[in-house]
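Ligands are counted one by one from 1 in listed order, and the atoms in each one are counted from 1 as well.
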Amino acid sequence: MKRVLIIGNSGGIGASLESEYSFRKWNCLGVSRSLHGLDFNEPETIQKTLSSIEGIFETVIIATGALTFNGYGPEKTIRSLTSQGMAEQMQINAIGPALVLSNIARLIPKDCPARIAVLSARVGSIGDNRLGGWISYRASKAALNQVVHTASIEFARSHPQLACFSLHPGTVDTPLTKQFAAGHPSSSASETAPILFNVIENCGAEDSGNFFDQNGLPVPW
Ligand SMILES: NC(=O)c1ccc[n+]([C@@H]2O[C@H](COP(=O)([O-])OP(=O)(O)OC[C@H]3O[C@@H](n4cnc5c(N)ncnc54)[C@H](OP(=O)(O)O)[C@@H]3O)[C@@H](O)[C@H]2O)c1
């Protein structure tokens with residue numbers, strides 16, 4: 001039975017992906033902040049949590065992320081930027097996933113196809129940014145994309161059959177988007193999960209280092 005590790009299985013998309021993989025008879029292991037104490041604001045918990053996991057996973061999904069927290073929300077203008085808000089956004093959306101990638105190699109098979117899908121966001125695309133705003137969240141996802149791309153180059157040497165990529169999940173109704181959903185077309189997490197499953201599981205090593213959307217199409221950096 002194939003195994004999937006879902007980092008952030010307490011989130012809207014992470015929980016739905018866990019259900020989808022279980023439905024498809026994968027063996028699922030999920031870890032998260034609220035259920036297992038894996039907190040990107042406490043980086044020592046990352047190494048501690050991952051080192052307690054045994055075995056090999058054909059697929060790893062990093063489904064964590066935050067847009068609002070501790071009173072900070074996405075900025076409408078650069079004049080609203082705060083050092084603390086931007087630093088926390090970077091910590092949760094870029095540094096946390098980077099430290100997961102830094103500790104993940106021993107859980108990835110070297111002798112068969114494997115995938116690491118990291119949930120990013122289209123708004124992290126510099127090429128696609130025509131609206132402005134949300135500067136800390138955008139910047140943290142752009143940083144995340146650079147981390148994923150850079151890690152993929154290194155993984156290609158040690159894990160030649162691995163696809164490590166950034167994935168925009170589409171606009172999905174979850175706690176993350178709740179306050180911002182009005183007027184925007186969106187999908188439920190349960191509708192989205194089988195779509196993301198297909199994109200993730202159809203990625204091969206030739207796709208490593210790229211940034212895809214929920215349709216499997218490339219997103220400009
Ligand atoms: N929903 C969308 O429309 C949308 C669009 C574009 C991109 N995305 C991306 O998709 C990913 C999942 O989003 P979602 O919509 O499923 O959001 P969500 O329902 O709010 O879930 C967020 C997840 O991130 C975890 N998390 C938050 N802060 C954390 C921290 N400090 N340390 C460790 N884990 C932390 C949460 O853990 P706990 O609940 O256990 O605290 C939860 O598992 C995010 O990267 C988001 O940026 C979502």
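The local environment of CD1 in I78 is sparse, with at most 12 non-hydrogen atoms from other residues, nucleotides or ligands closer than 6.0 Å. Heavy atoms from other residues, nucleotides or ligands lying under 6.0 Å from CZ of F23 number 12 at most. Applying the 6.0 Å contact sphere to CD1 of I126 captures no more than 12 heavy atoms from other residues, nucleotides or ligands.
Contacts between Y137 and ligand 1 below 4.0 angstrom, taking non-hydrogen atoms only, involve the side chain exclusively. Here L38 has backbone heavy atoms under 4.0 Å from ligand 1, and that is the only part of it that gets that close.
Counting protein heavy atoms only, atom 48 (C) of ligand 1 is closest to P169 CG, 3.7 Å. The closest protein non-hydrogen atom to atom 38 (P) of ligand 1 is S10 OG, 3.2 Å. Protein heavy atom at the shortest distance from atom 1 (N) of ligand 1 is V172 O, 3.1 Å. Taking atom 44 (C) of ligand 1 as the reference point, the nearest protein heavy-atom neighbour is T64 O, 3.2 Å. Looking only at protein heavy atoms, the nearest one to atom 2 (C) of ligand 1 is T177 CG2, 3.4 Å. Ranking the protein heavy atoms by distance from atom 5 (C) of ligand 1 puts G170 O, 3.2 Å first. Summary of contacts: the protein heavy atom closest to atom 18 (P) of ligand 1 is G12 N, 3.9 Å. Of the protein's non-hydrogen atoms, the one nearest atom 12 (C) of ligand 1 is A63 O, 3.2 Å.
Between the side chains of D173 and S188, not a single donor N or O lies within less than 3.5 Å of an accepting N or O. Judged by distance alone, the side chains of Q91 and N41 never bring a donor and an acceptor atom under 3.5 Å apart.
Put simply, L38 and L5 are part of the same group of oily side chains (I, L, V, M, F, W, Y) that touch within less than 4.5 Å, one to the next. Criterion: ILVMFWY side-chain heavy atoms under 4.5 Å apart, direct or through other members. Under it, L107 and V4 are not part of a common hydrophobic cluster.
The closest approach between a heavy atom of K141 and any atom of ligand 1 is below 4.0 Å. Using a 4.0 Å cutoff on heavy atoms, G96 does not count as a contact of ligand 1. Note on ligand 1: S120 sits in its first shell, one or more heavy atoms being nearer than 4.0 Å. Look at A189 and you'll find every heavy atom at least 4.0 Å from all atoms of ligand 1.
Under the 6.0 Å cut-off for aromatic ring centres, Y21 and F197 qualify, their centroids lying closer than that. Note: W134 and F180 meet the aromatic proximity criterion, with ring centroids under 6.0 Å apart.
R3 and I56 make their closest contact through CD-O, 3.3 Å (heavy atoms, listed as atom of the first residue, atom of the second, distance).
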### Task
Please assess R24 against E20 for the test salt bridge (Lys or Arg N to Asp or Glu O under 4.0 Å), listing each intermediate value before the final yes or no.
CA-CA 6 Å; R24 293 176 188 254; E20 183 66 27; 2.6 Å; yes
### Task
Begin from the C-alpha positions of R115 and E201 and carry the test salt bridge (Lys or Arg N to Asp or Glu O under 4.0 Å) through to its verdict.
CA-CA 8 Å; R115 282 130 201 133; E201 295 306 323; 3.1 Å; yes
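Between L119 and I13 there is a side-chain heavy-atom pair separated by less than 4.5 Å.
Every N/O-N/O distance between H168 and ligand 1 stays at or above 3.5 Å. By the 3.5 Å distance cut-off applied to N or O atoms, T174 is counted among the residues near ligand 1. Residue I13 has at least one nitrogen or oxygen atom sitting less than 3.5 Å from a nitrogen or oxygen atom of ligand 1, judged on distance alone. Where the criterion is an N or O separation shorter than 3.5 Å, residue side chain and backbone included, F40 meets it with respect to ligand 1.
Evaluated by nearest non-hydrogen atom to atom 28 (N) of ligand 1, the leading choice among K178, R122, R33, E88 is R33. When the options G65, A121, G8 are ranked by their closest heavy atom to atom 22 (C) of ligand 1, first place goes to G65.
Considering W221, F165, F155 as possible partners of H149, the one that fulfils the ring pair (Phe, Tyr, Trp, His ring centres under 6.0 Å) test is W221.
For ligand 1, the atoms lying closer than 4.0 Å to a non-hydrogen atom of D39 are 30 (C), 31 (N), 32 (N). Listed by atom number, the atoms of ligand 1 under 4.0 Å from T171 heavy atoms are 3 (O). Atoms of ligand 1 lying under 4.0 Å from at least one heavy atom of N41, given by number and element, are 31 (N).
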